[in-house]
Amino acid sequence: MGLEKSSNRIPTAGLGPQAGESNGDYRERLARVHAEALERRQQELHEQSAPHNDASARIRIWERLHQIDLPRNPAHRLIDIIAANTGLSASDVLAEQQIRANARAPKPADSI
């Protein structure tokens, strides 16, 4: 599964001092960038357990935040951690794991 680029990272491009920018303005701009990144992260942390998101969406948000794919092993220790972080039960996480496994499995050829 290819994870989207995490939006909670602070962008590095364009963070250096700008021509004609005072040290105070530079510090204020950096503080705004950091505050915006923190706000995005807090929003995503909220969304990973928000009841309006289904299990699949919550788990995808968790994966993006932690930059880790849902383990394929049903006995993996992360299953309980993902469940706790997303407000899901371990069986909900295992159900999503099974859905993904079925999607990856090759389809049998039709017999004629």
Side-chain angles (χ1 to χ4, degrees):
M1 164 187 208
L3 296 178
E4 301 90 29
K5 187 174 183 179
S6 181
S7 61
N8 62 356
R9 297 207 179 267
I10 298 170
T12 55
L15 279 188
Q18 305 295 315
E21 184 176 43
S22 71
N23 285 340
D25 289 343
Y26 174 61
R27 284 191 297 274
E28 285 177 24
R29 184 168 53 86
L30 281 181
R32 273 193 313 275
V33 168
H34 286 277
E36 289 167 1
L38 181 59
E39 172 86 24
R40 281 189 305 273
R41 177 154 176 85
Q42 291 301 321
Q43 181 62 32
E44 284 195 322
L45 285 170
H46 170 73
E47 288 296 314
Q48 84 176 359
S49 61
H52 65 268
N53 287 325
D54 64 11
S56 179
R58 292 184 200 188
I59 293 168
R60 280 193 316 274
I61 293 167
W62 186 92
E63 290 172 313
R64 185 174 53 248
L65 282 170
H66 298 282
Q67 298 182 355
I68 301 171
D69 288 342
L70 177 64
R72 293 181 181 186
N73 179 353
H76 198 285
R77 64 184 180 179
L78 278 178
I79 299 299
D80 289 331
I81 293 169
I82 294 168
N85 287 175
T86 57
L88 299 168
S89 67
S91 61
D92 291 334
V93 177
L94 291 171
E96 175 64 18
Q97 188 182 58
Q98 187 62 48
I99 290 167
R100 292 181 183 188
N102 292 340
R104 282 190 304 270
K107 307 285 187 241
D110 291 335
S111 35
I112 300 177

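Along the sequence shown, residues carry numbers from 1.
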Novice: Calculate, to the nearest 0.5 Å, the distance between atoms CZ and OG belonging to Arg29 and Ser22 respectively.
Specialist: 10.5 Å

Novice: How far apart are the closest heavy atoms of Gly87 and Ser49, and which atoms are they?
Specialist: N-CB, 4.2 Å

Novice: Could you tell me if the side chain of Leu94 sits less than 4.5 Å from the side chain of Gln98, heavy atoms only?
Specialist: no

Novice: Looking only at heavy atoms, which two atoms of Ala83 and Ala90 are closest? And how far apart?
Specialist: CB-N, 3.7 Å

Novice: So, the side chain of Gln48 versus the backbone of Asn85: is there a donor-acceptor pair under 3.5 Å, distance only?
Specialist: yes

Novice: Can you tell which of Leu45, Leu88, Val93, Ile68 makes a side chain to side chain contact (heavy atoms under 4.5 Å, CB included) with Trp62?
Specialist: Ile68

Novice: With side chain to side chain donor-acceptor pair (under 3.5 Å) as the test, pick out the partner of Gln43 among Glu47, His46, Arg40.
Specialist: Glu47

Novice: Looking at CG of Asn23 and CZ of Arg27, how far apart are the two atoms once the value is rounded to the nearest 0.5 Å?
Specialist: 5.5 Å

Novice: Does Glu44 use its side chain to pair, donor to acceptor, with the backbone of Ile61 at less than 3.5 Å?
Specialist: no

Novice: Is there a side-chain contact between Leu65 and Arg41 (heavy atoms, below 4.5 Å)?
Specialist: yes

Novice: Is Ile99 linked to Ile79 within one hydrophobic cluster, defined over Ile, Leu, Val, Met, Phe, Trp and Tyr using a side-chain heavy-atom separation of less than 4.5 Å?
Specialist: no

Novice: More than 12 foreign heavy atoms under 6.0 Å from CD of Glu39: is that the case here?
Specialist: no

Novice: Are Ile59 and Arg100 close enough that some pair of their side-chain heavy atoms sits under 4.5 Å apart?
Specialist: yes

Novice: How many angstroms lie between CD in Glu28 and CG in Asp25, if you round to the nearest 0.5 Å?
Specialist: 5.5 Å

Novice: Tell me if the CZ atom of Arg104 is crowded by more than 12 foreign heavy atoms within 6.0 Å.
Specialist: yes

Novice: How far apart are the C-alpha atoms of His76 and Leu70, what are their side-chain angles, what is the distance that settles it, and do they pass the side chain to side chain contact (heavy atoms under 4.5 Å, CB included) test?
Specialist: CA-CA 10 Å; His76 198 285; Leu70 177 64; over 6 Å; no

Novice: How many angstroms lie between CG in Asn53 and CZ in Arg60, if you round to the nearest 0.5 Å?
Specialist: 8.5 Å

